[in-house]
Amino acid sequence: MAKIWLRDIKDHLNQEVWLKGWVFNKRGSKKIQFIELRDGTMVVQGIVTINDSNQETWDVCSELTQESSIEIRAQVVEHPKSVSGCELIIKEIKVIQIAVDFPITKKEHGPDFLLKRRHLWLRSRLQRSIMHVRSQIIKALHNFFHEKNYTHMDSPILTGTIGEEGSTLFSTEYFDKGNAYLAQTGQLYLEASCAALGKVYCFGPTFRAEKSKTRRHLTEFWMLEAEVAFNNNEDNMDLQEEMFKYVVQHVIDTCPLQLKSLGRKVEDLQKFIQPFAKLSYDDAVDRLHEKGSKIVRGKDLGAEDEVMLTQDYEMPVFIYNYPKSCKAFYMKKDPNNSERVLCSDLLVPGYGEVIGASQREDDLETLTQNIIDFGLNPESFDWYLDLRKYGTFEHSGFGIGLERTVSVITGVKHIRETIPFPRMMTHIEP
RNA sequence: UCCCUGAUAGCUCAGCUGGUAGAGCAAUCGACUGUUAAUCGAUUUGUCGUAAGUUCGAAUCUUACUCGGGGAGCCA
């Protein structure tokens, strides 16, 4: 008999099959026992009755515990009540291993307890749903860019000193070349790739040694970055909007069961498919002043300001053209206002920033001066400056945080549940 | 780095102005032919985070430390 996965079980209605999996849950009475069998693709209920099964099967079933691994022979029957539409009449059970005292019970647990057992926590229903959605989001992102003929150009993870200033870097020894650093962004490399292939993106882990302890921060997270030659800041925002909507639609189409188990309503997700709102930084400051914020024009928006701004909208909001002093050295000066740069942040109501974007400074002199003004050494940016020497070009790009996107789409409050093994200030194992 | 908050049974927590601990769940045993966080009955469970101090007496008050949780800054 061929091996069968539970998600394909409908194709075997009224047949007898062999299945392998784990006991997700068990309950029963004197004459009937229910096993929820989980194999990673689905959970389907199996039934053992004292009448339909032999005594040995009944006794084996009685010994089963949560997360015991088993192999069963069963008849697949219809069962309209269940999610799969099927149920299993169990004829025979072979125990692979009885799991003793599985620590994660059916009742509530605290975050520290669960994080220390992340390797086991992943087996829970909610965690499996989140991981499935995450996987589909990754797929959607790749599909989106490939459909548009982008080239996937990965950036290095180990780098020299080059990179954004501000955030702290993780460092490691690199032979006799001193320290190497784990990348905080692939952007500068992606700009080089962009000059070679026009429309490019990279997707990989990034590392920030920030001592952030909030529900939106990880020290290791996955970021997709895209860079497009001859795109200005407007084009850039259009691209982000199209991409974000594509991803949301893909999840709606492919993950209905997972969204349901997460308690995420499709109507709420559809709010992310409406046209996004756009607000310039200066208009945002005006709006904030009307609402009673004490923000000083020229200073960065605080977390409270972002909440205040987005609560008027149900769709994501672009805030564009921030003050130069709040943003990175590589952003292009706004030709209409030398104190502003051509950039945007995408804020999602009830969550916060998910995408950071900008048009890049393409003038050699201005960029060199920016590097100096930001207290950086132009010599360590020599290859980056080359891009402005040999056929400089207007270009723009952005970075979207994968885990934040998963959070926003699944409605999961804390980012630590959106990555298989989260790395945070306080957690490095498992 | 700063602010707030917490650490009591395997888990989640209660324990008031000091008098050496309690609930629910889990586990174990039992009851029940359809349950789906099954239900019902019974039983078991503790260096009260660590160290010192105040006191006749500390889970409770004081100090320090350790480890969490939430947030700010920073960002995705």
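A note on names: the letters A, B, ... follow the listed sequences, proteins ahead of strands, and every chain is numbered from 1. A quick note: this is a predicted structure, and the numbers were derived from the prediction, not measured.
- Using bins of under 30°, 30° to 60° and over 60° for the plane-to-plane angle, the ring pair W222(A)/F203(A) lands in the perpendicular bin.
- Every residue two or more places apart in sequence or in another chain was checked for a salt bridge (charged side-chain N to carboxylate O under 4.0 Å, His left out) with R416(A), and none qualifies.
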Listing time: all N or O pairs from protein to nucleotides 10-12 of chain B that are below 3.5 Å?
from   : atom 1 : to      : atom 2 : distance (Å)
C11(B) : O2'    : E108(A) : O      : 2.5
C11(B) : O2'    : H109(A) : ND1    : 2.9
U12(B) : OP1    : G110(A) : N      : 2.7

Criterion side chain to side chain contact (heavy atoms under 4.5 Å, CB included) on I93(A) and I35(A), from CA distance to verdict: CA-CA 11 Å; I93(A) 301 173; I35(A) 297 173; 4.0 Å; yes

Atom pairs and distances, donor-acceptor, side-chain atoms in residues 302-310 of chain A, under 3.5 Å, two or more places apart:
from    : atom 1 : to      : atom 2 : distance (Å)
D305(A) : OD1    : S293(A) : OG     : 2.8
D305(A) : OD2    : G302(A) : N      : 2.9
T310(A) : OG1    : E306(A) : O      : 2.9
T310(A) : OG1    : V307(A) : O      : 3.3

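- Sorted by first and then second residue, the ring pair (Phe, Tyr, Trp, His ring centres under 6.0 Å) pairs involving residues 58-110 of chain A (not counting sequence neighbours) are H109(A)-F113(A).
- Comparing the same atom, P, in U12(B) and in C75(B) gives a spacing of 36 Å after rounding to whole Å.
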All N/O pairs under 3.5 Å across the protein-nucleotides 71-73 of chain B interface:
from   : atom 1 : to      : atom 2 : distance (Å)
G71(B) : OP1    : R215(A) : NE     : 2.8
G71(B) : OP1    : R215(A) : NH1    : 3.3
G71(B) : OP1    : R215(A) : NH2    : 2.5
G71(B) : OP2    : R215(A) : N      : 2.8
G71(B) : N7     : K213(A) : O      : 2.9
A72(B) : N6     : K211(A) : O      : 3.4
G73(B) : OP1    : A303(A) : N      : 3.3
G73(B) : O6     : S212(A) : OG     : 2.8
G73(B) : N1     : S212(A) : OG     : 3.4

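- Counted by atom type alone, Y384(A) and E191(A) present one or more donor-acceptor pairs between their side chains at under 3.5 Å.
- Nearer to the 5' terminus of RNA chain B, by closest-nucleotide assignment, is the contact made by M425(A) (compared with the other of M425(A) and E36(A)).
- For S325(A), there are no side chain to side chain donor-acceptor pair (under 3.5 Å) partners, not counting sequence neighbours.
- Taking the six-membered ring where tryptophan is involved, the planes of H152(A) and Y201(A) are essentially parallel, since the angle between them stays under 30° and well short of 60°.
- Of the residues in residues 255-262 of chain A, not one places a heavy atom less than 4.0 Å from an atom of RNA chain B.
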Look for any protein N or O under 3.5 Å of an N or O in nucleotides 33-35 of chain B and output each such pair with its distance, or none.
from   : atom 1 : to     : atom 2 : distance (Å)
U33(B) : O4     : N51(A) : ND2    : 2.5
G34(B) : N2     : E87(A) : OE1    : 3.3
G34(B) : N2     : E87(A) : OE2    : 2.4
U35(B) : O2'    : R27(A) : NE     : 3.3
U35(B) : O2     : R27(A) : NE     : 2.6
U35(B) : O2     : R27(A) : NH2    : 3.3
U35(B) : O2     : Q45(A) : OE1    : 3.2
U35(B) : N3     : Q45(A) : OE1    : 3.0
U35(B) : N3     : Q45(A) : NE2    : 2.8
U35(B) : O4     : Q45(A) : NE2    : 2.8

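- Taking atom P on both C48(B) and A59(B), the two are 7 Å apart, rounded to the nearest angstrom.
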Dot-bracket for RNA chain B, 5' to 3', with Watson-Crick and G-U pairs under 3.5 Å, [ ] for crossing pairs and | for other-strand pairs: what is it? (((((((..((((.....[..)))).(((((.......))))).....(((((..]....))))))))))))....

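- Look at CD1 on I409(A): it is 14 Å from C1' on A76(B), rounded to the nearest Å.
- Among pairs with a residue in residues 397-413 of chain A, those fulfilling salt bridge (Lys or Arg N to Asp or Glu O under 4.0 Å) read R134(A)-E403(A), at least two apart in sequence or across chains.
- Partners of K291(A) according to the salt bridge (charged side-chain N to carboxylate O under 4.0 Å, His left out) rule, which considers only residues two or more places apart in sequence or in another chain, are D312(A).
- Rounded to the nearest Å, the gap between the C1' atom of G15(B) and that of A58(B) is 14 Å.
- Among residues at least two apart or in separate chains, salt bridge (Lys or Arg N to Asp or Glu O under 4.0 Å) pairs with a member in residues 89-98 of chain A are E16(A)-K91(A), R73(A)-E92(A).
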